[in-house]
Undergrad: 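Before we start, here is the structure in question, set down as structure tokens.
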Protein chains: 2
Amino acid sequence: MPEPSPGSRPAPRPTLEAVAERAGVSRATVSRVVNGGAGVRRPLAERVRRAVEDLGYVPNHAARSLVTRRTGAVGVIIAEPEVRIFSDPFFSQQIRGISRELTAQDTQLVLLLVDGPGDYDRIGRYLAGGHVDGALAFSLHTDDPIPALVRRAALPTVFGGRPGWTAGADGQAVPYVDADNRGGARAAVRYLCGLGRRRIAHIGGPPDQTSATDRLDGYRDVLPDAEPELVAEGAFTEESGARAMERLLLRCPDLDAVFAANDLMASGALGVLKARGRSVPDDVALVGFDDIDPVARTTDPPLTTVRQDVEGQGRLMARLLLRGLDRQREGGPAPEPVITPTTLVRRASA
Amino acid sequence: MPEPSPGSRPAPRPTLEAVAERAGVSRATVSRVVNGGAGVRRPLAERVRRAVEDLGYVPNHAARSLVTRRTGAVGVIIAEPEVRIFSDPFFSQQIRGISRELTAQDTQLVLLLVDGPGDYDRIGRYLAGGHVDGALAFSLHTDDPIPALVRRAALPTVFGGRPGWTAGADGQAVPYVDADNRGGARAAVRYLCGLGRRRIAHIGGPPDQTSATDRLDGYRDVLPDAEPELVAEGAFTEESGARAMERLLLRCPDLDAVFAANDLMASGALGVLKARGRSVPDDVALVGFDDIDPVARTTDPPLTTVRQDVEGQGRLMARLLLRGLDRQREGGPAPEPVITPTTLVRRASA
DNA sequence: GTGAAAGCGCTAACAT
DNA sequence: ATGTTAGCGCTTTCAC
């Protein structure tokens, strides 16, 4: 029986050579056909394709990589502070977007989880080791060691979210994809103004994340004269939003609107508002940010919020990197940052 | 200035050859040193190591892979029905465990997200393409196409969770890692019995997942004569647990205990019980399964539940695969399944 | 348009 | 213990 018995070695995969022989052509011709078939006459190409099919030929990636000097893989770095990413729908969507785009470009996604401070070393070596053609990283905090790593590895990298340090040490622009946080915040606050609200508070995120500071900046763009008491700092968690809301209520009992820097905090704030007997949106109008999937539409009332296309951002990150690879290979410039638009989604909370 | 100007090509990486020349030895010797240095005299090895250091030599992975026929990477397949995995703490922990183990073994994690039925084809080609040495897959449903793929690709694979089909088409055992679902369920139900409960109901998971059927089997092991009315089917979601609880209450108003096949459903059931005025644990004792992180300890009352070490399972999957790789390479047998123990965690709900 | 030939950087026999 | 040598499977000039 030709059935491989449990103890037999795996069958050796057919090589270009084998295909060439079967098709009665040279290896070079097969190679051309396999790689798009440019410059090969139809009948020949057909014969080759048939031979490939018959033999079940699959190109050997290592051999190809050895000569092309491309791995066809990119690393996605997920740093320690973000280990929870997988529980965060935000990241999961972004990864999904990245995966979609990479897949479409026949590029592999190598997941690099940073699992502790000691891991940065390992990741750095890996990146420098030429295992991947480029990297994607999420730059959440200003003191992240990742940027230095990829810089040292001289590896093309695109960041998700505007990095805290805007330019590299050598003045090169750092490529990143980010939502228009500032513009979205402006839209939210303007909307509240348009509703006739006069005492508009803000619950901000942690000041070491640009998404938080950018949204705060947007708030200030519209309300440059807002009293400092109207701004409370949270940590992007529901709990922290609740605490911030309590402080705000204490400091400014007369507030009539709140713009929270994300939906989670908005949800926390909503709970406190209701518990304190303030009706939303009648007494206090509430706007969030992100339009995060279950949260924003399942609160009571559902949240008016600023939507950003997270999956699209992921796709964009991958696309930017892949485009940049070809260019940088030729010594071209790194790709420019991309800011994706946001839209205000009206629901019942404002 | 030796600083690479923005328009310069990336510096070519030093090769074995360069190191050999600098150290005044042959390529073979350098190779030996780089790969552990067995059989090379101290002083020589030292000289080589210094040269490696000086030149910043990093082995070319493609070249090595070409000759060793190992890629040093494994694919982690995540199928469409589980796209939410990233929001599921269960999977995120498992991935973390996998990542930890692979990292420790210097093996890369290539993430393969199946993004639709059409993707199975692509994944199949990829797996057959020799890009990875093995695969890790989660076999949630009985009709999953993944098993067929890896089988066709003749790729060593370890499953997370017992697959629905216990043996391969050729009678080979399928390697997997799973919690002792049946034993854990038995422990839970026995515990309820020990509490003096006499009408113990069960909320089961979807019957096409072995984790659900195994837990049901465990329940039946202890209560072989339980009336069918005491068993309701859920879908492992909080909502489905609530619905199942409602049905149970209708059919068996006199029940005094519930064993739910996971914590999410237990949480849903808890809500219904409280809404119906049944106090937990006084009127109805409740036990869950998984000890899922925020859920089990934050319900009111906190859940008594069956804990499984999910991260450990992930690590085990990776370890099993890597060990199996070496063996199977020599035509050895696939690794045996591993069942990890569960422990009953007593909290306030039972 | 097609083929011949020269490597890509490395490991593993095989010599010594 | 170390060096020599022959490829691994592929792409890519360069002739024809």
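So you know, we letter chains A, B, ... as the sequences are listed, proteins then strands, and number each from 1. Side chains included, hydrogens not; waters and symmetry mates left out as well; all remaining heavy atoms used.
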Undergrad: Provide, to the nearest angstrom, the distance between the CD atom belonging to Glu21(A) and the P atom belonging to dG3(C).
TA: 14 Å
Undergrad: Kindly say if Thr29(B) contacts the phosphate of dG3(D), meaning a side-chain N or O under 4.0 Å from OP1 or OP2.
TA: yes
Undergrad: Closer than 3.5 angstrom, by distance alone: can the side chain of Asp133(A) be matched with the main-chain N or O of Gly72(A) as a donor-acceptor pair?
TA: yes
Undergrad: Given dG3(D), dG3(C), dA1(D), identify the nucleotide with an atom nearest to the side chain of Ser26(A).
TA: dG3(C)
Undergrad: Under 3.5 Å, is there a donor-acceptor pair between the side chain of Arg13(B) and the main chain of Val58(B)?
TA: yes
Undergrad: Are side-chain heavy atoms of Ile146(A) and Thr157(A) found at a separation under 4.5 Å?
TA: no
Undergrad: Keeping His61(A) on the side-chain end and Ala62(B) on the backbone end, is there a donor-acceptor pair under 3.5 Å?
TA: no
Undergrad: If we ignore hydrogens and angles and just use 3.5 Å, is the side chain of Arg96(A) paired with the main-chain N or O of Gly314(A) as donor and acceptor?
TA: no
Undergrad: What string of B, S and - do you get for nucleotides 8-16 of chain C, 5' to 3', when a contact is any protein heavy atom under 4.0 Å?
TA: BBBBBB---
